[in-house]
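Letters A, B, ... mirror the listed sequences (proteins, then strands); counts begin at 1. When reading the values below, keep in mind they use all heavy atoms of this one structure, side chains included, and skip hydrogens, waters and symmetry mates.
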Amino acid sequence: ALSVLAECHRLAKEGQWKELRQVLRRMLNEEGSGSSCYLCELLWNNFRGKEYGGLVWEILTDEYSRSQMTYDALYVLDKMNNLKHQSSISTYNRLMYSLRHTDIMLNLYKEILSKGVLPNLYTYCIVIDGLCKQHRLQDAVAFFEEIKGKGVRPCLVIFNALLSGFCSMGFVNVAMSLLSMMLKCGYFPDIYSYNTLIHGLCIAGSIERALDFCEDMERNGFALDLVTYNTMLNGLRISGLISEAWKFIQRMLLNGLFPNLITYTILISGHCQGGNIEEGMRIWKEMISQGYQLNVITYSVLLSSLCKRGLVDEAMKLFNEMEAMGLDPDFIVYCILIHGYCKKGDIERAIDVCKVMCSKKIMTNSFLHGSILLGMCKKGMMSKAVDYMDHLSRDGLLLDIVLYNIVIDGYVKTGDIEGAIGLYKQLLEAGLTPS
RNA sequence: GCACUUCAGAGCAGC
């Protein structure tokens, strides 16, 4: 690493940016996440005060962000701040983008302002989109007003981010009013705006309105693209109308568009949801024969429909197949399995899967624990349920009211009123409010 | 120069 860093300084001096990035990227790939502490120490001990040092630090931050090693990037940025090296706005933008789902995003924005770095339109857009993705619509709108007050002329992308925020929270009508406001101000929708609104209409269950909107779009000179079709197909799936899908597929093909992985996943999910697992499997096979590389989401669609039918063992087989293909199960995949076992009453297996998940450092959440507790209560395993709760609070998890309610209900159903009252007192002591 | 906005998966109690 030492010689690589020396090489980096040389490249920086010669202005060979691209090579510098490549060399660093390769090194980060080898060192992996968690290596920032070590690399920073090397830089500090061996290259302090060297010319172009600031540039090397900055690109190190940026390459960590690009390699999805976000916390390493933050670490390097922090060290840079100590050394009074300044980062450029694009480095900040990329890092904020990686962290747009978290509070850290806004902290970084404040840091930018306090250091006198000038935010650009990308920055504003990332903040607004991030706030929307965190479901903080009011904050997003407030931020929007704030930058307008500072004299920033918002771009269409910012409006699109807001449209998307409203739509995904189910406020299509608000999105529609925003659209008419946009038109009044001379902002004309692009394909992103149209697709976003069509999506909003679809998830609100308004397929008809979505179709009308597609026509509007075409009248305004935009051809429906693959995203539009996928969005419409997904709308059909949500409304339980997947049997109508063929009409759209036909139209798609006539327009020279071919289904992609997302299209197939929507179709499989739709058919499975409607109880037609056979058709789902047929499409699945068609997909494989077409040479598509299945991903975690495609698998989870099938896993969940198997579990819903109580075929958890089948699901487990598929799960193993998935891992053998080199796909890393994520939180949702584990949820599906755990939930499946709980509903079947096989709590031991559920907990086993949960342990495997935890050993992979995947965070659990309260929903999942609720599912496990409910499974225990349904089988009358009250002492196990209480142990589980104790175990959760020992691990520092704040038990919420629903978790208490589940176990209280369990006590009541087994006729143990004492136990129920005991828990009730406990939740009051914990400062919770009964619902 | 790169980077921002649109499409697919699961999910807890009681009533």
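Residue A/S269 has its side chain nearest to B/G9 when only B/G14, B/U6, B/G9 are considered. In the set B/A10, B/C12, B/U5, the nucleotide with an atom closest to the side chain of A/I406 is B/C12. Comparing B/A3, B/U5, B/C12 by their nearest atom to the side chain of A/S90 picks out B/A3. For A/L403, whose side chain is taken as the heavy atoms from C-beta onward, the closest listed nucleotide among B/C12, B/A13, B/U6 is B/C12. In the set B/C4, B/A8, B/C7, B/C7 carries the atom at the smallest distance from any side-chain atom of A/N230. Of the candidate nucleotides B/U6, B/G1, B/A10, B/A10 has the atom lying nearest to any side-chain atom of A/S304. Nearest to the side-chain atoms of A/N295 among the listed nucleotides B/C4, B/U6, B/A8 stands B/A8. The nucleotide whose nearest atom lies closest to any side-chain atom of A/N120 is, among B/C7, B/G11, B/A3, B/A3. Here B/A13 is the nucleotide among B/A13, B/G9, B/U5 with the atom lying nearest to any side-chain atom of A/L374. In the set B/U6, B/G9, B/C4, B/C4 carries the atom at the smallest distance from any side-chain atom of A/C125.
Between the CE atom of A/M169 and the P atom of B/U6 there is a distance of 15 Å, given to the nearest Å. Atom CG in A/L131 sits about 14 Å away from atom P in B/U5, given to the nearest Å. Going from atom CZ of A/R21 over to atom C1' of B/C2 covers 8 Å, rounded to whole Å. The distance between atom CG of A/L121 and atom C1' of B/C4, rounded to the nearest whole Å, is 10 Å. To the nearest angstrom, P of B/A3 lies 12 Å from CZ of A/R25. In this structure, A/I401 atom CD1 and B/A13 atom P are separated by 15 Å, rounded to whole Å. One can place CE of A/M252 at 11 Å from C1' of B/C7, the figure rounded to the nearest angstrom. Between the P atom of B/C4 and the CD1 atom of A/I128 lies a distance of 16 Å, rounded to the nearest Å.
Between the CD1 atom of A/I198 and the CG atom of A/D212 there is a distance of 10.5 Å, given to the nearest 0.5 Å.
Panel note: side chain A/S239, backbone A/L241; no donor-acceptor pair is recorded below 3.5 Å. A donor-acceptor contact shorter than 3.5 Å links the side chain of A/T231 to the backbone of A/V227.
The shortest distance between the side-chain N/O atoms of A/K133 and the OP1/OP2 oxygens of B/C4 is not below 4.0 Å. In terms of phosphate contacts, A/H199 brings a side-chain nitrogen or oxygen within less than 4.0 Å of OP1 or OP2 of B/A8. Side-chain N/O atoms of A/K308 include one lying less than 4.0 angstrom from OP1 or OP2 on B/G11. The side chain of A/R237 places an N or O atom within less than 4.0 Å of a non-bridging phosphate oxygen (OP1 or OP2) of B/G9.
A/T196 comes within 4.0 angstrom of sugar-phosphate atoms only, judged by non-hydrogen atoms across all strands, and of no base. Residue-level contact check: A/I332 touches the bases, meaning some heavy atom is under 4.0 Å from a base atom. At a threshold of 4.0 angstrom between heavy atoms, the contacts of A/T265 include nucleobase atoms, whether or not backbone atoms are also involved. Base contact: A/N93 has a heavy atom under 4.0 Å from a base atom. Within 4.0 Å of A/D330, counting heavy atoms only, lies at least one base atom of the nucleic acid. At the heavy-atom level, A/V227 lies under 4.0 Å from base atoms of the strands shown. Across all strands, A/V407 comes closer than 4.0 Å to no nucleic acid atom at all (heavy-atom distances). Within the 4.0 angstrom heavy-atom criterion, base atoms lie near A/N365.
Each of A/N195, A/D190, A/T196 was evaluated against A/N160; a single residue qualifies, A/D190, per the side chain to side chain donor-acceptor pair (under 3.5 Å) test.
In summary, the side chains of A/D352 and A/Y341 do not present any donor paired with an acceptor at a separation below 3.5 Å, with no hydrogens or angles considered.
In this model, a side-chain donor or acceptor of A/R94 finds a partner on the base of B/C2 within 3.5 Å. Checked by distance alone, A/Y97 brings no side-chain donor or acceptor within 3.5 Å of a matching partner on the base of B/A3.
Between A/W284 and A/Y299, the ring centre distance stays below 6.0 Å.
We find that the ring of A/Y192 and the base of B/U5 stack, their centres lying under 5.5 angstrom apart and their planes tilted less than 30°.
No side-chain heavy atom of A/P154 sits less than 4.5 Å from a side-chain heavy atom of A/Y124.
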